[in-house]
Amino acid sequence: MATPNYAYEKRQRELAKKRKKEEKLKRKLEQRTPGAPPQADDAPGDENPPPQPPAGQP
């Protein structure tokens with residue numbers, strides 16, 4: 001009779017847990033921003049906007 005390969009079974013459980021966690025995170029992100037436009041932080045060319053002068057000075 002063959003002995004059980006506990007390391008293989010453990011690895012399969014870990015992989016299943018990892019897949020489930022990734023799917024849950026993906027669903028959560030889709031739920032939060034369904035079809036939302038990219039954020040202003042992601043827009044190219046807006047890395048350093050020009051400084052604004054202080055209010056009250058001409």
Side-chain angles (χ1 to χ4, degrees):
M1 183 170 189
T3 59
N5 188 348
Y6 293 113
Y8 175 79
E9 293 174 6
K10 181 178 180 182
R11 179 70 178 145
Q12 294 303 308
R13 284 194 306 270
E14 289 173 351
L15 290 173
K17 188 185 291 188
K18 185 177 178 181
R19 265 193 310 272
K20 186 175 180 181
K21 186 176 181 179
E22 289 174 352
E23 290 173 4
K24 185 176 181 180
L25 179 63
K26 184 179 176 184
R27 275 186 310 217
K28 191 180 279 189
L29 289 174
E30 288 174 355
Q31 203 173 53
R32 190 181 330 162
T33 56
Q39 297 292 328
D41 297 339
D42 297 338
D46 290 340
E47 289 87 20
N48 296 320
Q52 298 293 326
Q57 290 186 352

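This is a predicted model, so every value here is computed, not measured. In what follows, residues are counted from 1 in the order of the sequence shown.
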Check: [Y] and [X] side chains under 4.5 Å, non-hydrogen atoms:
X	Y	value
R11	E14	yes
E30	K26	yes
L29	R32	yes

Note to self: What's the separation between atom CZ in R19 and atom CD in E23, rounded to the nearest 0.5 Å?
What the structure shows: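 Output value for this atom pair is 7.5 Å.
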Item checked: Residues that R27 engages under side chain to side chain contact (heavy atoms under 4.5 Å, CB included), provided they are two or more places apart ->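 Applying side chain to side chain contact (heavy atoms under 4.5 Å, CB included) to R27 gives K24.
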Check: Yes or no on side-chain contact (heavy atoms from CB on, under 4.5 Å) for K17 and K21, after CA distance, side-chain angles and deciding distance?
Finding: CA-CA 6 Å; K17 188 185 291 188; K21 186 176 181 179; 5.7 Å; no
